[in-house]
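Heads up: the structure comes next, in structure tokens.
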Amino acid sequence: MITLKNALSWLDENLEMSICVVLMSVMTVLIFVQVIMRYVFSNSLSWSEELARYVFIWLIYLGISYGAKIRKHIKIDAAMKLFPASIRPYVTIVGDICFFLFAVYITITGYKYVGMQATFNKVSPALHIPYKYVFAAPMVGFCLVCYRQYQTIKYRIDCIKRGEEWTD
């Protein structure tokens with residue numbers, strides 16, 4: 001029997017990866033169909049490139065969240081050697097907090113930008129998709145990054161309290 005706790009646990013573990021797999025598949029099929037249409041049938045779809053571009057944008061921002069979830073976002077490991085081993089865990093947490101604050105800033109800025117797009121009611125040229133849905137990708141992606149960074153910071157603080165080393 002599927003419980004709410006099991007469903008939420010599955011989402012916590014698989015949300016970004018599942019969506020990214022679907023988006024990558026959709027984008028691949030769209031581009032493949034466009035190539036076949038263009039070179040085999042000498043006819044081009046007017047909307048496929050635009051949709052593939054928007055799917056790619058969403059894929060990027062959800063991929064950033066997935067990278068934060070598995071703690072593999074961009075960081076400079078070589079700089080950690082500049083600090084004594086005893087304070088490296090704390091420096092790592094400070095870096096995680098900085099990334100969290102950056103994600104909060106992007107989320108807030110993205111929210112404002114989506115609001116602006118909603119007031120303008122602009123739509124994409126080929127598909128007539130409201131731009132607010134396209135430009136919501138950074139807001140949604142970095143909102144998920146905030147959640148994943150919170151989980152990471154909590155995990156690392158718990159490891160320090162228990163005297164354990166964490167795995168990345």
Side-chain angles (χ1 to χ4, degrees), residues 1-31 51-118 124 129-168:
M1 183 167 120
I2 298 176
T3 64
L4 180 60
K5 185 176 181 180
N6 289 343
L8 290 175
S9 176
W10 186 89
L11 278 175
D12 187 46
E13 289 298 317
N14 301 303
L15 177 68
E16 292 97 338
M17 179 59 82
S18 300
I19 295 173
C20 284
V21 165
V22 169
L23 291 176
M24 181 68 82
S25 301
V26 167
M27 187 177 68
T28 303
V29 168
L30 283 169
I31 293 170
L51 183 58
R53 184 179 324 118
Y54 298 154
V55 167
F56 185 60
I57 290 168
W58 274 89
L59 178 66
I60 289 168
Y61 286 104
L62 292 173
I64 292 169
S65 175
Y66 180 70
K69 176 188 180 288
I70 61 172
R71 296 186 291 277
K72 297 293 181 191
H73 55 82
I74 296 174
K75 55 187 168 190
I76 303 173
D77 291 331
M80 290 301 281
K81 305 289 184 205
L82 299 173
F83 297 100
S86 60
I87 67 165
R88 287 180 191 161
Y90 302 102
V91 173
T92 302
I93 291 173
V94 168
D96 288 334
I97 291 169
C98 289
F99 187 47
F100 174 81
L101 294 174
F102 173 74
V104 168
Y105 172 76
I106 297 296
T107 302
I108 292 168
T109 305
Y111 178 78
K112 291 175 183 176
Y113 195 68
V114 169
M116 283 184 357
Q117 292 299 323
S124 65
I129 296 172
Y131 275 137
K132 65 183 175 184
Y133 298 123
V134 176
F135 290 112
M139 178 187 70
V140 172
F142 275 96
C143 186
L144 286 170
V145 167
C146 289
Y147 175 65
R148 296 305 184 182
Q149 279 303 109
Y150 166 77
Q151 287 177 322
T152 298
I153 293 165
K154 184 179 178 319
Y155 165 72
R156 292 184 189 206
I157 290 172
D158 290 345
C159 285
I160 288 174
K161 286 180 182 176
R162 290 190 304 265
E164 301 172 357
E165 287 203 24
W166 55 70
T167 57
D168 274 338

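As the structure is a computational prediction, the values presented were derived from the model and not from experiment.
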Nearest-0.5 Å distance that lies between atom [atom1] in [X] and atom [atom2] in [Y]:
| X | Y | atom1 | atom2 | result |
| --- | --- | --- | --- | --- |
| F102 | F142 | CZ | CZ | 5.0 Å |
| R148 | C143 | CZ | SG | 11.5 Å |
| N14 | M17 | CG | CE | 8.5 Å |
| C159 | K161 | SG | NZ | 11.5 Å |
| I153 | T92 | CD1 | OG1 | 11.5 Å |
| I93 | C98 | CD1 | SG | 12.0 Å |

Heavy-atom distance under 4.5 Å between the side chains of [X] and [Y], does that happen here?
| X | Y | answer |
| --- | --- | --- |
| Y113 | P138 | no |
| S124 | V134 | no |
| V145 | T107 | no |
| T109 | Y105 | yes |
| L23 | M27 | no |
| K132 | M116 | no |
| L15 | W10 | no |

- Kindly determine whether D12 and Y147 satisfy side chain to side chain contact (heavy atoms under 4.5 Å, CB included), including the steps that lead there. CA-CA 10 Å; D12 187 46; Y147 175 65; 3.4 Å; yes

- Task: Go through the side-chain N and O atoms of Y155 and Q151 and say whether any donor and acceptor fall under 3.5 Å apart.
- Result: no

- Query: Any salt bridge (Lys or Arg N to Asp or Glu O under 4.0 Å) pairs touching residues 95-105, not counting sequence neighbours?
  - Reply: D96-R156

- Would you call the rings of Y131 and F135 parallel, tilted or perpendicular, where under 30° means parallel and over 60° means perpendicular? tilted

- Query: More than 12 foreign heavy atoms under 6.0 Å from CD of E165: is that the case here?
  - Reply: no

Could you go through residues 52-68 and list every donor-acceptor pair under 3.5 Å that involves a side-chain atom there, pairing it with any protein atom two or more places apart or in another chain?
residue, atom, partner, partner atom, Å
W58, NE1, Y133, O, 3.2
S65, OG, E16, OE2, 2.6

- Item | Residue pair M139 / Y111: nearest heavy atoms and the distance that separates them | SD-CA, 3.5 Å

- Which residues pass the salt bridge (charged side-chain N to carboxylate O under 4.0 Å, His left out) test with K5, sequence neighbours left out? none

- Query: Is there a donor-acceptor pair closer than 3.5 Å between any side-chain N or O of R71 and the backbone N or O of T152?
  - Reply: no

